Enquirer: 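Below is one structure. I have some questions about it.
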Number of protein chains: 2
Amino acid sequence: MRDHGGHAGVADACRPITDILTRVGDKWSVMVVMLLGNGTKRFNEMRRLIGGISQRMLTLTLRGLERDGLVTRTVFPTVPPRVDYALTDLGRSLLIPISALGAWAYGHRDAIDAARLAFDARADAGAAPDSQAS
Amino acid sequence: MRDHGGHAGVADACRPITDILTRVGDKWSVMVVMLLGNGTKRFNEMRRLIGGISQRMLTLTLRGLERDGLVTRTVFPTVPPRVDYALTDLGRSLLIPISALGAWAYGHRDAIDAARLAFDARADAGAAPDSQAS
DNA sequence: CAGTATCCGGTCGGATACTG
DNA sequence: CAGTATCCGACCGGATACTG
């Protein structure tokens, strides 16, 4: 807050929010949170349920969520080892707005898809006014 | 839908949603949509208001939003040229869930920050049990 | 004013191999 | 089972220069 003269714009004020939105927006976080919304899960269980996520990314995603206080990680010192992941209260509270966002996305997927097709068609028409497709 | 035998998991079914969430999650889209929620804006006007966004990224962000049918782009063939950006009905409808998400992020930023500090402290303690800070 | 084009470093994220 | 470590290609995003 020391540059009254400058005008950094809203980007500055929004940094904390943008920061958190980045978490929400990354490829797997939302899916993991939604999955844990159904209850506690183990590592490879989630891996199977999600399908298509690499081991590495599941680890990193869970670490990020744990760091943000959204997920708890519980290790059972058995052999073979067992680790349970669950949402914290904070994580559960996040479930509400992201479900709303997910519902919006699902509800408008057709409109968005149509808009994309139309846009791409316009772009193609502009780039290649000739009726030949490449 | 061709592998009934396999088990791709939810990742497959969620692809359209993930896809849209990726838009929402990228660095500038949400900020731009929120800004346009206040009314029509011109290109450099937004650039100034946001502060910290490069010309390139503002263009790409707006193109993406336009492609998804969330914003309209209106060119006035004057000199110097003038281009107005505004939300579509679809864009305005998105404003609701992302405002909710933004409110959540803002409301819980302290809890998240605290969680991060605690996590990092634990990580440091684990990595360097010695009382020396690097 | 409102872009486009190009370069380039940093990060994301998958594949693979190894470990307790 | 639940990770960690490493490699590596793809893409994100800023800086800069140029254009109608």
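Throughout, a chain's letter reflects where its sequence line sits, starting with A, and its residues are numbered from 1. Here the structure is a predicted model, which means the values were calculated and not measured.
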Enquirer: Could you please name the option among C:dA2, C:dG13, D:dA2 that lies closest to any side-chain atom of A:Arg42?
Expert: D:dA2

Enquirer: What's B:Phe76 touching, base or sugar-phosphate or nothing? Going by heavy atoms closer than 4.0 Å.
Expert: nothing

Enquirer: Are A:Val32 and B:Phe119 connected in a single hydrophobic cluster, I mean Ile/Leu/Val/Met/Phe/Trp/Tyr linked by side-chain heavy atoms less than 4.5 Å apart?
Expert: no

Enquirer: Go through C:dT4, D:dG14, C:dG14 for me and flag the one nearest to the B:Lys27 side chain.
Expert: D:dG14

Enquirer: I need the CD1-P distance between A:Ile53 and D:dA2, as an integer number of Å.
Expert: 14 Å

Enquirer: Could you check which of D:dT4, C:dG13, C:dC1 has an atom nearest any side-chain atom of A:Arg63?
Expert: D:dT4

Enquirer: Over how many whole Å does the gap from B:Phe43 atom CZ to C:dG3 atom P extend?
Expert: 5 Å

Enquirer: Is any side-chain N or O of A:Tyr85 closer than 4.0 Å to OP1 or OP2 of D:dC1?
Expert: no

Enquirer: Given C:dG14, C:dG3, D:dG3, identify the nucleotide with an atom nearest to the side chain of A:Met57.
Expert: C:dG14

Enquirer: Backbone N or O of A:Ala115 within a donor-acceptor pair of the B:Arg67 side chain at under 3.5 Å?
Expert: no

Enquirer: Are the charged groups of B:Arg82 and B:Asp84 less than 4.0 angstrom apart, N to O?
Expert: yes

Enquirer: Would you write out the dot-bracket form of DNA chain C, 5' to 3', with Watson-Crick and G-U pairs under 3.5 Å, [ ] for crossing pairs, | for pairs to other strands and . for unpaired bases?
Expert: ||||||||||||||||||||

Enquirer: State whether the number of non-hydrogen atoms from other residues, nucleotides or ligands found under 6.0 Å of A:Arg15 atom CZ is greater than 12.
Expert: no

Enquirer: For B:Gln55 and D:dT19, what is the distance between atoms CD and C1' respectively, to the nearest whole Å?
Expert: 11 Å

Enquirer: Nearest heavy-atom pair of A:Leu87 and A:Val33: which atoms, and what distance?
Expert: CD1-O, 3.8 Å

Enquirer: Under 4.5 Å between side-chain heavy atoms, counting indirect links through other Ile/Leu/Val/Met/Phe/Trp/Tyr residues: same cluster for B:Ile98 and A:Tyr106 or not?
Expert: yes

Enquirer: Just do the side chain to side chain donor-acceptor pair (under 3.5 Å) check on B:Ser29 and B:Asp26 with the steps written out, would you?
Expert: CA-CA 6 Å; B:Ser29 290; B:Asp26 77 37; 2.9 Å; yes

Enquirer: For A:Asn44, run the side chain to side chain contact (heavy atoms under 4.5 Å, CB included) check against A:Arg42, A:Lys41, A:Met46, A:Arg48 and tell me which one passes.
Expert: A:Arg48

Enquirer: If you pin B:Ser54 and B:Pro81 to their nearest nucleotides in DNA chain D, which one's is more 5'?
Expert: B:Ser54

Enquirer: Looking at the side chain of B:Asn44, which of D:dG3, C:dC1, D:dC1 is the nearest nucleotide?
Expert: C:dC1

Enquirer: I need the CG-P distance between A:Leu62 and D:dC1, as an integer number of Å.
Expert: 16 Å

Enquirer: Counting the atoms with a prime plus P, OP1 and OP2 as sugar-phosphate, which does B:Arg56 contact under 4.0 Å by heavy atoms, base, sugar-phosphate, or nothing?
Expert: base

Enquirer: May I have the distance from B:Leu58 (atom CG) to C:dA2 (atom P), rounded to whole angstrom?
Expert: 10 Å

Enquirer: Could you state the CZ-P distance from A:Arg47 to D:dG3, rounded to the nearest angstrom?
Expert: 12 Å

Enquirer: Hey, which sits more toward the 5' end of DNA chain C by its nearest nucleotide, A:Gly52 or B:Arg82?
Expert: B:Arg82

Enquirer: In whole Å, what is the span from the CG atom of A:Leu60 to the P atom of D:dA2?
Expert: 17 Å

Enquirer: Atom CE of A:Met46 to atom P of D:dG3: distance rounded to whole Å?
Expert: 11 Å

